[in-house]
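Starting from 1, each residue takes its place in the sequence as its number. What you see is a predicted model; the values in this text were computed from it and never measured.
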Amino acid sequence: MKTYDVIALGELLIDFTQNGLSEQGNGLFEANPGGAPCNVLSMLNNLGKKTAFIGKVGNDQFGRTLKKSLEELGIGTDNLMMDDEVHTTLALVHTFEDGDRDFSFYRNPGADMMLRADELKEDLLQDTRLFHFGTLSMTHDGVKAATVKAVTAAKAAGAMISFDPNLREPLWDSLDHAKEEVRWGLGQCDILKISDNEIQWLTGRDDFTEGVEAIREEFPIPLILVSMGKDGSRAYYEDRFVEVAPFLQENTIETTGAGDTFCACIINYILDHGLTNLTDEQLREMLTFANAAASIITTRKGALRVMPTFDEVQSYLSTNTSSRMEGNTTRRKVTMELFDKVNELAKSAATKTGEVLEDTRLKTQIMNDEKSIRELQAKIGAFYYKKFAAGEAVEEEVAEFCTAISVHLANIEQKKASLSSGKSE
């Protein structure tokens, strides 16, 4: 029996988040404890999991504040090191009108990148069910060596490995170097959480499914989660994927920590249910809870100290799920009506074609229209219905097919009219 459910290694820092303006009109910044790995641990603690953190902060005011924050949250700090010479890493978070954000880091150097491999407590790494890491602990050689040693020790002890690239471009000497380290992480993990922009950057594919397939050609990762912001999230598992819509907030303040909250909920679900024989219903349940939790955190300043509790997420779900279901029911009805309309139009086209084909003068033109209609109908049957069954919105595409088929039907009617008037098209 392992003592810890999850141990994470990486950055623990101060996020300075803008919180209003001074009387002179200057931005006021609030010092929020942060860092992606610790955000994940904080949410996991709220879900009842026992966690610990491995990393380094400066032995300064900010570093002591961060250590106290972890202790108050119940996150283990036995392997949190304090650096007497290098200050705690700082990040300024610039928030845009839509809640998205940009980061400016004060980390040249920062204490988090000074962690050494010989400072790791290996007995801690052998005592966890899952080990989580990102790439900010891989930007420099010393901390990269510590990360590699930690992952290796955890895997050797039978722990599952989860990985979130969490790309922060300004912290890398080059994006080629970043890609190299991300690829190393892909080769270690059982669970990958990756954002929409990261998968496009990494694979060069705009289509997320193609991107996942490209990753899996080289790295057989059992579970890949793609977070898509306002478009929701996907879980790619075995030879299939499930997509769940987001819970959009009217009162979003900022998105800091949303991805970490989502990631923590995924890890929590896998710890409770395992990584084998997951059904589509379970994947959908997992994504729905994670999307809801991520939505809640966007209404709060900071992340680490304000993660939602299990009860808060459940309450939010109970309040919002009924309206979502009503919307989904309406959408399904509209889409099914469109599918029926396509089939009726195609049947009508076959009848009209049969009537006209007796006249060989129009045979070639009519056959071209008929072929186009069959192709449009086949596309819906083979592709869009599958997407619809997976919960994706396809109304607009199907409606376009209806319009296209109607155009071909109008062409047939026009040819029939010309035939009856004795004119050949």
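Listed for the Arg234 side chain is no donor-acceptor partner under 3.5 Å among the backbone atoms of Val226. Thr203 places a side-chain N or O within 3.5 Å of a backbone atom of Ile199 that can act as its donor or acceptor partner. Listed for the Thr128 side chain is a donor-acceptor partner under 3.5 Å among the backbone atoms of Leu130. For the pair Tyr237 (side chain) and Val242 (backbone), a donor-acceptor distance under 3.5 Å is absent. Panel note: side chain Asn45, backbone Gly74; a donor-acceptor pair is recorded below 3.5 Å. In terms of modelled atom types and a separation under 3.5 Å, the side chain of Asp83 and the main chain of Val57 share no donor-acceptor contact. In this structure, the side chain of Ser315 does not engage the main chain of Asp311 through any donor-acceptor pair within 3.5 Å. In terms of modelled atom types and a separation under 3.5 Å, the side chain of His273 and the main chain of Tyr269 share a donor-acceptor contact. Glu210 contributes no side-chain N or O that, together with a main-chain N or O of Asp207, makes up a donor-acceptor pair within less than 3.5 Å.
Between Phe131 and Tyr4, the distance separating the two ring centers is not shorter than 6.0 angstrom. Aromatic ring centroids of Phe62 and Phe16 lie under 6.0 Å apart. The distance between the ring centers of Phe163 and Phe133 falls below 6.0 angstrom.
Annotation: side chain of Leu9 is in contact with side chain of Leu115 (closest heavy-atom distance under 4.5 Å). Within the 4.5 Å cutoff, no side-chain heavy atoms of Lys193 are placed close to those of Ser162. A 4.5 Å side-chain heavy-atom check between Val40 and Val6 finds every atom pair outside the cut-off. The closest side-chain heavy-atom distance from Leu283 to Val244 is not below 4.5 Å. Looking at heavy atoms from C-beta onward, Leu90 lies out of side-chain contact with Leu13 at the 4.5 angstrom threshold. Using a 4.5 Å heavy-atom threshold, the side chains of Leu223 and Asp190 count as separate. Put simply, the side chain of Asn59 reaches to within 4.5 Å of the side chain of Arg64, judged on heavy atoms. Counting heavy atoms from C-beta outward, Leu192 and Leu225 have side chains that stay 4.5 Å or more apart.
By the 4.0 Å N-to-carboxylate-O rule, Arg284 lies too far from Glu243 to be salt-bridged with it. Under a 4.0 Å N-O distance rule, the pair Asp112/Arg107 qualifies as a salt bridge. Between Asp239 and Arg216 there is no salt bridge, since no side-chain N of the basic residue sits under 4.0 Å from a carboxylate O of the acidic one. With salt bridges taken as basic N to acidic carboxylate O contacts below 4.0 Å, one links Arg116 and Glu119. Taking a cutoff of 4.0 Å between a charged side-chain nitrogen and a carboxylate oxygen, Arg205 and Glu213 do not qualify as a salt bridge.
Counted by atom type alone, Asp127 and Thr3 present one or more donor-acceptor pairs between their side chains at under 3.5 Å. Side-chain contact, Asn19 with Lys301: no donor N or O sits under 3.5 Å from an acceptor N or O.
Lys50 meets the salt bridge (charged side-chain N to carboxylate O under 4.0 Å, His left out) test with no other residue; sequence neighbours excluded. Here Glu218 pairs with Arg183 under the salt bridge (charged side-chain N to carboxylate O under 4.0 Å, His left out) rule; sequence neighbours left out. Glu85 meets the salt bridge (charged side-chain N to carboxylate O under 4.0 Å, His left out) test with no other residue; sequence neighbours excluded.
Nearest heavy-atom pair, Gly257 versus Met307, reported as atom, atom and distance to 0.1 Å: O-CE, 4.2 Å. Between Met43 and Ala293 the shortest heavy-atom distance is CE-CB, 4.1 Å. Of all heavy-atom pairs between Tyr316 and Ile296, the closest is CB-CD1, 3.8 Å. Closest approach of Leu66 to Gly34, counting heavy atoms only: CD2-N, 4.3 Å. Closest heavy-atom contact between Gly35 and Asp15: N-OD2, 4.2 Å. Pairing each heavy atom of Phe53 with each of Leu41, the nearest pair is CB-CD1, 3.8 Å.
Relative to the ring axis of Trp201, Lys179 places its NZ or CZ within 45° and under 6.0 Å from the centre. A cation-pi arrangement, defined by a distance under 6.0 Å to the six-membered ring centre and an angle within 45 degrees of its axis, is present between Lys144 and Trp184.
Taking CG from Leu120 and OG1 from Thr152, the interatomic distance works out to 10.5 Å, rounded to the nearest 0.5 Å. Annotation: the span from Ile194 atom CD1 to Leu186 atom CG amounts to 6.5 Å, rounded to 0.5 Å. Summarising the geometry, atom CD1 belonging to Ile191 is positioned 10.5 Å from atom CD1 belonging to Ile221; distances are rounded to the nearest 0.5 Å. Distance check: Leu44 CG to Asp260 CG gives 10.5 Å after rounding to the nearest 0.5 Å. Taking OG1 from Thr255 and CD1 from Ile297, the interatomic distance works out to 11.0 Å, rounded to the nearest 0.5 Å. The distance from the CG atom of Leu317 to the CD atom of Glu285 is 10.0 Å, given to the nearest 0.5 Å.
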(request) Go through Ile7 and Thr51 one step at a time and tell me if the side-chain contact (heavy atoms from CB on, under 4.5 Å) criterion holds. (result) CA-CA 6 Å; Ile7 290 177; Thr51 67; over 6 Å; no

(request) Give the C-alpha distance, both sets of side-chain angles, the deciding distance and a yes or no for side chain to side chain donor-acceptor pair (under 3.5 Å) between Asp60 and Thr88. (result) CA-CA 7 Å; Asp60 51 28; Thr88 300; 2.8 Å; yes

(request) Determine, step by step, whether Ser174 and Asp176 satisfy the side chain to side chain donor-acceptor pair (under 3.5 Å) criterion, reporting the C-alpha distance in whole Å, the side-chain angles of both residues, the deciding distance to 0.1 Å, and the verdict. (result) CA-CA 5 Å; Ser174 74; Asp176 286 339; 5.2 Å; no

(request) Show the numbers, then the answer: is there a side chain to side chain donor-acceptor pair (under 3.5 Å) between Glu198 and Ser195? (result) CA-CA 5 Å; Glu198 288 169 344; Ser195 66; 3.1 Å; yes

(message) As a quick check of understanding, evaluate salt bridge (Lys or Arg N to Asp or Glu O under 4.0 Å) for Lys121 and Asp78, giving each step before the final call.
(response) CA-CA 8 Å; Lys121 295 187 176 182; Asp78 288 350; 5.5 Å; no

(request) Please report the C-alpha distance between Asn32 and Arg305 in whole Å, then the side-chain angles of each, then the deciding distance to 0.1 Å, and finally whether the side chain to side chain donor-acceptor pair (under 3.5 Å) criterion is met. (result) CA-CA 8 Å; Asn32 290 298; Arg305 295 193 68 104; over 6 Å; no

(request) For Phe289 and Phe310, run ring pair (Phe, Tyr, Trp, His ring centres under 6.0 Å): C-alpha distance rounded to whole Å, both residues' side-chain angles, the deciding distance at 0.1 Å, then the answer. (result) CA-CA 10 Å; Phe289 186 93; Phe310 176 82; 5.7 Å; yes

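Counting non-hydrogen atoms of neighbouring residues, nucleotides and ligands closer than 6.0 angstrom, the CD atom of Glu312 exceeds 12 such neighbours. For Asn108, the CG atom counts as loosely surrounded, since its 6.0 Å shell holds 12 or fewer non-hydrogen atoms of other residues, nucleotides or ligands. Open room surrounds NZ on Lys68; 12 or fewer heavy atoms of other groups in view lie less than 6.0 Å from it. The 12-atom threshold is not exceeded at CD of Glu281, counting heavy atoms of other residues, nucleotides or ligands nearer than 6.0 Å. Within 6.0 Å of the CG atom in Asp118, the count of heavy atoms belonging to other residues, nucleotides or ligands exceeds 12.
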